[in-house]
Amino acid sequence: MNDNTNVTRKPETPASDMALMPPVDVIEDAGGITLYADLPGVPKDRLSLLVEGDTLTIEGEVSLVAPEGMESVHAEVSLPRYRRVFKLSKELDANKVSAEFNQGALKLRIPKAEHAQPRKIEIAVA
Amino acid sequence: MFYRSLFPRDLVSELDRLQREMQQAYEFSPSIRGLARGGFPAMNVGNTPHSVEIYAFAPGIDPATIDVQLEKGVLTIAGERASVLPPQDANATVHIDERFSGRFRRVVTLPDDADPNAVSAKYRDGVLHVSVQRRQAAQPRRISIE
């Protein structure tokens, strides 16, 4: 193999910016959306949740305790970072997002805005 | 595979899976325990001259319910993770369902010099870290020439 072929050329994204996509569950009920994400190996202070406009970004850095001189022989979690981006829809109230992070499992609750709460419409009988 | 991939839409891991399946198809004697990769929990394994370090990425589990066993040189990690999905009759919609739930079990064959009496296991930030010491006799020793 020749290192100078197009195939082996380094990708545009720098290696430090590559991230694994954490698996999520997203469940919607009448009051809002609940999102669960798996971010194993991320301590609480390395987790970042960012709402910018209608974009929600979940990012976490993996921090593992490894003894000195450890040589990796098998790695399924092959990058030290997780990232996932979601578009929020406008009926969700991004200001009222609440989060719990426990043992690498994130639970986010995004309530629907007051005006978007379901309302039962009375049918008047003439 | 019996388990879904831990990172389902990650392109790198998808390519990896493809490569694995190709390998499986062409390999004449695949491991009796199936493919070495994939499944829940995801695992990283590292070596030092004194120990074997196993990391199992199993977030959101009560460590008391994880069963770690070492028998005849085989390390088994087993447990169960409850589903967060609402019951069928609930008034809720599941939009994305990627996280693993249910019973899991993964095994790792340890090298011959692993000492079954010197094992420690810690659970932190959703990662189970098992450290198995190697027997003294197997550690590299410098032999002095007289």
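Reminder, nothing fancy here: chain letters follow the sequence lines and each chain counts from 1. Given the structure is predicted, the values throughout are model-derived calculations rather than measurements.
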Task: Polar contact flag, side-chain donor to acceptor under 3.5 angstrom, Arg109(A)-Thr34(A) - done: yes
- [ ] Please round to the nearest 0.5 Å and tell me the distance separating atom CE of Met21(A) and atom OH of Tyr82(A).
- [x] 13.5 Å
- [ ] Look only at the side chain of Arg135(B) and the backbone of Asp112(B), and say whether a donor-acceptor pair between them is shorter than 3.5 Å.
- [x] yes
Open item on the list: Parallel, tilted or perpendicular: which one describes the rings of Phe40(B) and Phe100(B), with boundaries at 30° and 60°?
Closed with: parallel
- [ ] Examine whether an atom of Asn91(B) lies under 4.5 Å from a heavy atom of chain A, and if so say whether it belongs to the side chain, the backbone or both; otherwise answer neither.
- [x] backbone
Task: Atom group of Val42(A) that falls short of 4.5 Å from chain B, counting heavy atoms - done: backbone
Task: Donor-acceptor contact below 3.5 Å, side chain Arg81(B) vs main chain Gly60(B) - done: no
Task: Leading residue by heavy atom contact count with chain A [cutoff under 4.5 Å; candidates Val127(B), Asn47(B), Thr48(B)] - done: Asn47(B)
Open item on the list: If I measure from the heavy atoms of chain A, does Ile54(B) come under 4.5 Å with its side chain, its backbone, both, or neither?
Closed with: neither
Show me the donor-acceptor pairs within less than 3.5 Å that the side chains of residues 53-66 of chain A make with the rest of the protein, sequence neighbours left out.
| residue | atom | partner | partner atom | Å |
| --- | --- | --- | --- | --- |
| Glu59(A) | OE2 | Arg83(A) | NE | 3.2 |
| Glu59(A) | OE2 | Arg83(A) | NH2 | 3.4 |

TODO: Can you check whether anything in residues 98-108 of chain A gets within less than 4.5 Å of chain B, heavy-atom wise, and list it by number?
DONE: Asn102(A), Gln103(A), Gly104(A), Ala105(A)
- [ ] Mind ranking Thr93(B), Asp62(B), Val94(B) by heavy-atom pairs under 4.5 Å with chain A and telling me who comes out on top?
- [x] Thr93(B)
- [ ] Name all residues meeting the ring pair (Phe, Tyr, Trp, His ring centres under 6.0 Å) criterion together with Tyr55(B); count only those two or more places apart in sequence or in a different chain, and write none if there are none.
- [x] His129(B)
Which donor-acceptor pairs under 3.5 Å do the side chains of residues 116-123 of chain B make with protein atoms, sequence neighbours left out?
| residue | atom | partner | partner atom | Å |
| --- | --- | --- | --- | --- |
| Tyr123(B) | OH | Ala58(B) | O | 2.5 |
| Tyr123(B) | OH | Ile61(B) | N | 3.2 |
| Tyr123(B) | OH | Ile61(B) | O | 3.4 |

